[in-house]
Amino acid sequence: MPESAHIVQHEENKPLRIMISGGGTGGHIYPAISIAQALKRTLDQVQIKFVGAKGKMEMKKVPEAGFEIEGLWISGLQRRLTIDNLLFPVKLISSITKSFKLLNRFKPHAVIGVGGYASGPLLIAAVIQGIPTLIQEQNSYAGLTNKWLSKYVWKICVAHEGMEKYFPAEKIIVTGNPVRTSLKLALDRRTEAYNHFGLKRDKATLLVIGGSLGARTLNEAIIQQLYTIASNQLQLIWQCGGFYYEEMIARTQDKLPEGVLLRDFIKEMDYAYAAADVVISRSGALSIAELMLTGKPSVMVPSPNVAEDHQTKNAMALVEREAAVMVEDNKAREHMIAAAIEILENKAQCKKLSENIEAMAHPNASQEIANEIIKMVA
């Protein structure tokens, strides 16, 4: 246990109370849960409460991980005129008001923001009350909310170098993004992974993942390139996302080549990474952190439907280090599978991409962030 943990417990002889806010996608939720789990491992006594957005996936995923969560009536601004946009000021005021009530009831020693709709209102209320605050920025490009909050929060944990262009340099700590360490452990169990999925060891395997919600472009590209996959004797683990699963089943009925496994969601991602020779993925922060940890050569297809095009910036941060290959979304149908095959056939490039992306990993990110929270309170 870090010395700072003993200081907090000894001085107050009460549990440390931490509030964590954010969500919307797995890219925000799973890092937040990892931080919470690291705090529980580190401290003898700690109480953790999450704050999310009503109707979003954190309201289900956080309780499944064993933590309490409260919901705020908040959503993001749309790019077009909608009822939600007209209601946004009302939702924001409502959420900030409820945040004050939650803070007064729970009395946290620190408030942590991991991004997502609920992060803003709670952090604003915590800053006004003078509570120690920390934000965790997962992307290589900071969003508007975190850029504004950075002037007022105490500490900023970032995943990438060079974030001084967005945040005050004296507040920045480079920790990387929290990720499931079980992914790394399973890479030694490749034979188990092949057996789990019923794959053949003498064939190369592609893994395609479109984030927690799936990705239409990636799914369309695979359907268009099924013949190419089959003619190159490739195996494919294809996570299409729950939203697209029924459609993909209908469109590929009786057409899936041998060795192509279509799944809505892959629970055993440790086995999926262990079996994969090359990964095709969106470039969300969580996906990139997992690729760094597993050291997998990858083709990044950034989503164009995200705030401030941050996925392209995430991907470019890897491309500039020769740690990944990027294919633009509008070119994926023609070039995505071809790019993966090119990596498979070029052993030198395959090795270089693997070594360079693994060198960027921060395997202890959640523990480092937990330690910074404890030090901040102490």
Side-chain angles (χ1 to χ4, degrees), residues 18-42 48-53 55-69 71 112-119 134-140 143 146 157-160 175-187 207 209-215 239 241-243 263-274 279 281-294 296 298 303 306 310-311 314 360-370 372-373:
I18 306 293
M19 202 169 249
I20 302 175
S21 65
T25 66
H28 293 309
I29 298 162
Y30 297 121
I33 290 171
S34 292
I35 294 167
Q37 289 168 338
L39 284 165
K40 287 193 78 171
R41 285 194 306 270
T42 308
I48 297 169
K49 186 181 284 290
F50 280 77
V51 177
K56 294 296 178 182
M57 63 188 288
E58 60 264 27
M59 301 307 292
K60 180 172 178 243
K61 296 293 181 186
V62 168
E64 283 176 359
F67 296 98
E68 293 180 11
I69 187 166
I112 316 306
V114 296
Y117 305 135
S119 227
L134 178 149
I135 53 177
Q136 196 253 329
E137 176 56 65
Q138 292 131 19
N139 296 294
S140 60
N146 273 359
C157 291
V158 299
H160 300 272
T175 58
N177 276 326
V179 72
R180 295 165 285 183
T181 51
S182 60
L183 296 178
K184 181 76 171 176
L185 300 175
L187 290 184
L207 168 64
I209 42 179
S212 54
L213 305 176
Q239 179 180 285
F243 185 77
R263 301 282 188 271
D264 56 345
F265 178 77
I266 301 169
K267 190 176 179 183
E268 308 84 359
M269 279 305 296
D270 50 354
Y271 280 149
Y273 281 115
V279 179
S281 174
R282 287 302 201 195
S283 46
L286 180 65
S287 298
I288 287 178
E290 291 183 349
L291 290 166
M292 287 175 178
L293 188 71
T294 56
K296 289 293 172 176
S298 55
S303 170
V306 293
H310 69 256
Q311 284 205 9
N314 286 349
M360 297 172 73
H362 290 268
N364 301 314
S366 56
Q367 188 59 58
E368 288 179 33
I369 294 167
E372 290 299 332
I373 294 166

(request) In sequence, state the C-alpha distance, the side-chain angles, and the governing distance for T42 and Q367, and then conclude on side chain to side chain contact (heavy atoms under 4.5 Å, CB included). (result) CA-CA 8 Å; T42 308; Q367 188 59 58; 2.8 Å; yes
Can you tell me how far [atom2] of [Y] sits from [atom1] of [X], rounded to the nearest 0.5 angstrom?
X    : Y    : atom1 : atom2 : result
N139 : H160 : CG    : NE2   : 6.5 Å
M19  : E68  : CE    : CD    : 10.0 Å
I266 : Y271 : CD1   : OH    : 14.0 Å
S281 : L286 : OG    : CG    : 9.0 Å
I18  : F50  : CD1   : CZ    : 11.0 Å
N146 : S119 : CG    : OG    : 6.5 Å

(request) Please confirm whether the backbone N or O of V114 pairs with a side-chain atom of Q138, one donor and one acceptor, at under 3.5 Å? (result) yes
(request) Check whether any side-chain N or O of S287 sits under 3.5 Å from a backbone N or O of S283 as a donor-acceptor pair, and report yes or no. (result) no
Could you tell me which non-hydrogen atom of [X] sits nearest to which non-hydrogen atom of [Y], and how far apart they are?
X    : Y    : answer
Y117 : K56  : CE1-CE, 3.5 Å
G23  : I29  : CA-CG1, 3.8 Å
A370 : A38  : CB-CB, 3.8 Å
S34  : P178 : CB-CB, 3.6 Å

Within the 4.5 Å heavy-atom criterion, are [X] and [Y] side-chain neighbours or not?
X    : Y    : result
I288 : N177 : no
I20  : V62  : no
V279 : E290 : no
L207 : M269 : yes

(request) Please name the residue in the list E58, K49, K61, K40 that meets the side chain to side chain contact (heavy atoms under 4.5 Å, CB included) test with F67. (result) K40
(request) Please test Q37 against I35 for side chain to side chain contact (heavy atoms under 4.5 Å, CB included), starting from the C-alpha separation and ending with a verdict. (result) CA-CA 5 Å; Q37 289 168 338; I35 294 167; over 6 Å; no
(request) Given side chain to side chain contact (heavy atoms under 4.5 Å, CB included), test M292 with V179 step by step and report yes or no. (result) CA-CA 10 Å; M292 287 175 178; V179 72; over 6 Å; no
